[in-house]
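Read through the structure below, which is laid out as structure tokens, and then see the notes.
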Protein chains: 2
Amino acid sequence: MTREGRTTLRDVAEAAGVSVATCSYVLSGRADRTTPLPEPTRKRVEDAARRLGYKGNTAARSLRRQRSELIAIVYAPPVSPWLDHLTWECEDIAAARGYSVIGVPVRRLDRAAQSLRVITRGHVDGAIFTPVLSDDLDLTAARRSTRALMAFSDSLRMPGVDVVRNNVRTALAEATTYLIDAGRERIAYLSHTGVQEDRYLGYVDALEQAGREVDPALVRVGAASREDAVLVVRELLDGPNPPDAVVSESDRGGFAALQAAADRGVKVPDDLAVIGTGNTREATNSMPSLTSVGMHQLDFTEMVEALFARIDDPTLPARELLMPWVLNHRASA
Amino acid sequence: MTREGRTTLRDVAEAAGVSVATCSYVLSGRADRTTPLPEPTRKRVEDAARRLGYKGNTAARSLRRQRSELIAIVYAPPVSPWLDHLTWECEDIAAARGYSVIGVPVRRLDRAAQSLRVITRGHVDGAIFTPVLSDDLDLTAARRSTRALMAFSDSLRMPGVDVVRNNVRTALAEATTYLIDAGRERIAYLSHTGVQEDRYLGYVDALEQAGREVDPALVRVGAASREDAVLVVRELLDGPNPPDAVVSESDRGGFAALQAAADRGVKVPDDLAVIGTGNTREATNSMPSLTSVGMHQLDFTEMVEALFARIDDPTLPARELLMPWVLNHRASA
DNA sequence: TTGTATGCGTTATCAG
DNA sequence: CTGATAACGCATACAA
């Protein structure tokens, strides 16, 4: 042990009676070299490494190799099942390639630079920016510091970064239009944090196209959690002019609306139609099941593969992946 | 730009016409040196850095300084509001000290080593292991590789790692006993993933102390998501011998029980008492509000401070923090 | 006040 | 088949 108790490669080398170069070769150097296996010494090294509990040092390794074998998922709390799903699909694919995945929470935009240091100064080989953030953050620094960048965004267009288009705006317009066509008169909009501009605009688009005005009293900013959102919807329902439909920016808000309706004895979908966003798996199981705008089914494989393709070869032309959102009809609307 | 487009300190030095040492001094070296400020050149360096978009390189810096200014929160999906809360409290305190926080998801225990490489081989200055994981993972490697380790666990006892005791087992026993004393006959237990052994044991303890047997039919492993849990509870309620009380390992499960009861027209708490675990903020807002076992209020400040104290001085004696769980009475039981 | 030299732990290159 | 040796990018002690 050299300094602070951490076992270094030199410790292993001394214990095994060989050079550090040899240790590095047998321990980390892929056996892809011409020489197959130096059987006799190999075991000595491996034993020594195990005995000393050698774990390697990522900082040194990635400094030398210019690779960290790490990818990051950048997200804005609160967390969601959607994020969970994305994370585990990433992890599965990453694990198969020897990569690990970390999450990078960005809570406050004014502090984003600090949170993103892992990306901008660190050595993350690739990063995925989830929906809201892709549009609110300046990704130039991140792009220069990583081999690959993937962003969920319908507007972003940046050389060298792959992007996932969700056509959120048109999808929410479609959902709203569906409600209009079904004869709903007072369609409320339940937003999340106020930043998901695109989704809200889809709602506005549909109203305008139908020659209606946006009623500010029907547009509510829900809180982060489901139970908080319930309060908001209850308030709506208790008001003088309750809505006969709710479009929510998230499934979470959709469930909240269902729950608030149940609390107040409002029948869904007869008295209140509810449409969520995200099309999470839970939408199928709620009572009643939740009509939801979103990907028909969650599958990020293609996206993650594309990320790794670019990690392997950053000169690849920027791709534009389509993961279209559709209106998934269920019982609530 | 030296190699692949990343601006290095040398680039800045050349552009500014000074040495790298000087650049390092003005850009990163805390001005704690005796000399206050070399005003004239300083600006030149800073300008050059900005112009070239210099961002530094964590790998090199932490290799040299033996510090990464990074702390990790290790968790097992699914994510929860609890985790969100912990994360942002960490982030607040961390930001004030120039640190960033990352999340490390550990989905599969058999792949934990891979996921934890960031901790064991990487340069994370400190790590927080959240409840379930603290007991299922071998933390020795992690301890040797970080300056500070904090674990939520009632059983763990490891030199050099600080630990948060929650007395989960006795707390869940207390909750169950409360139900027994209230005359509940068939108390179901809704578990999460089957691994939260301690919580379940609390339930068992209480039953045994009351001279009752555990009815396997009343112990259900709920799914990860809320809507899945609803299905489980509905099934219970539809069974031949429905429970008159539910103890859930999480608030999520508690909400699910409330919802299932509403679906089935079962009155809470008259026909069915419900107690959740975690005492999340949402428990106050549900309808009816959810009685929940957990910290009276979520406040991780002391814990995070302790983590940083150990980062500053790893030789500190291991601390044992108490964040006692109590039964928070509300309308559902 | 600024520059030179050295090393952090690892891997890649190239001799022996 | 193994071992010197030289970087990777940065920060510090020390010399100028």
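Just so we're clear, the structure is a prediction, and the values are computed from it rather than from any experiment.
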- Send over the distance from Asp11(B) CG to dG9(D) C1', rounded to a whole Å. 11 Å
- Message: Rounded to whole Å, please give me the gap between CZ in Arg10(B) and C1' in dG3(C).
- Response: 16 Å
- Item | Any Ser62(A) side-chain N or O less than 4.0 Å from OP1/OP2 of dT10(C) | no
- Query: Of Arg97(A), Arg147(A), Arg61(A), which meets salt bridge (charged side-chain N to carboxylate O under 4.0 Å, His left out) against Glu69(A)?
  - Reply: Arg61(A)
- Query: Just how far, in rounded Å, is P of dG3(D) from OH of Tyr25(A)?
  - Reply: 13 Å
- Below 4.0 angstrom from OP1 or OP2 of dT11(C), is there any side-chain N or O of Arg65(A)? no
- Query: Restricting to pairs with a member in residues 132-158 of chain B, which pass ring pair (Phe, Tyr, Trp, His ring centres under 6.0 Å), not counting sequence neighbours?
  - Reply: Trp82(B)-Phe152(B)
- Message: Ring centres under 6.0 Å, that's the criterion: do Tyr75(B) and Phe129(B) meet it?
- Response: no
- Message: Regarding Val18(A), tell me which of base, sugar-phosphate or nothing describes its non-hydrogen contacts under 4.0 Å with the strands shown.
- Response: sugar-phosphate
- Task: Return the 5'-most residue of the pair Thr22(B), Lys55(A) with respect to DNA chain C, ranking by each residue's nearest nucleotide.
- Result: Thr22(B)
- dC10(D), dC8(C), dG3(D): which one has an atom nearest the side-chain heavy atoms of Arg61(B)? dC10(D)
- Side chain of Arg64(B) only, please: which of dT5(D), dT4(C), dA11(D) is the nearest? dA11(D)
- For the side chain of Ala21(A), counting heavy atoms from C-beta on, which of dG9(C), dA4(D), dC8(D) is nearest? dA4(D)
- Check every strand shown and say whether Leu9(B) touches a base, only sugar-phosphate, or nothing at a heavy-atom separation below 4.0 Å. sugar-phosphate
- Message: Looking at Asp11(B) and Arg51(B), is there a salt bridge between them, counting it only when a charged N and a carboxylate O are closer than 4.0 Å?
- Response: no
- What distance separates Leu316(B) CG from Ile311(B) CD1, expressed to the nearest 0.5 Å? 12.0 Å
- With five pairs defining each end axis, the helix from dT1(C)-dA16(D) to dG16(C)-dC1(D) comes out bent, to 10°, by 40°
- Arg44(A) CZ to dC1(D) P, straight-line distance once rounded to whole Å: 15 Å
- Item | Atom-pair distance (NZ on Lys43(A); C1' on dT2(D)), nearest Å | 20 Å
- Task: Look at the side chain of Thr8(B) and decide which nucleotide, out of dT10(C), dT2(C), dG9(D), has an atom nearest to it.
- Result: dG9(D)
- Task: Using distance alone, with no hydrogens and no angle criterion, decide if Arg144(B) and Thr7(A) have a side-chain donor and acceptor under 3.5 Å apart.
- Result: yes
- Message: Using whole Å, what does the distance between atom P of nucleotide dG9(D) and atom CZ of Arg144(A) come to?
- Response: 14 Å
- Message: Side-chain N or O of Ser24(B) versus OP1/OP2 of dA11(D): is the shortest distance under 4.0 Å?
- Response: yes
- Whole angstrom is fine here: how far is it from CG in Leu63(A) over to C1' in dA6(D)? 13 Å
- Query: Taking only side-chain nitrogens and oxygens of Gln66(B), does any of them come within less than 4.0 Å of OP1 or OP2 of dG9(C)?
  - Reply: yes
- d(Leu149(B) CG, Asp162(B) CG) to nearest 0.5 Å is 8.5 Å
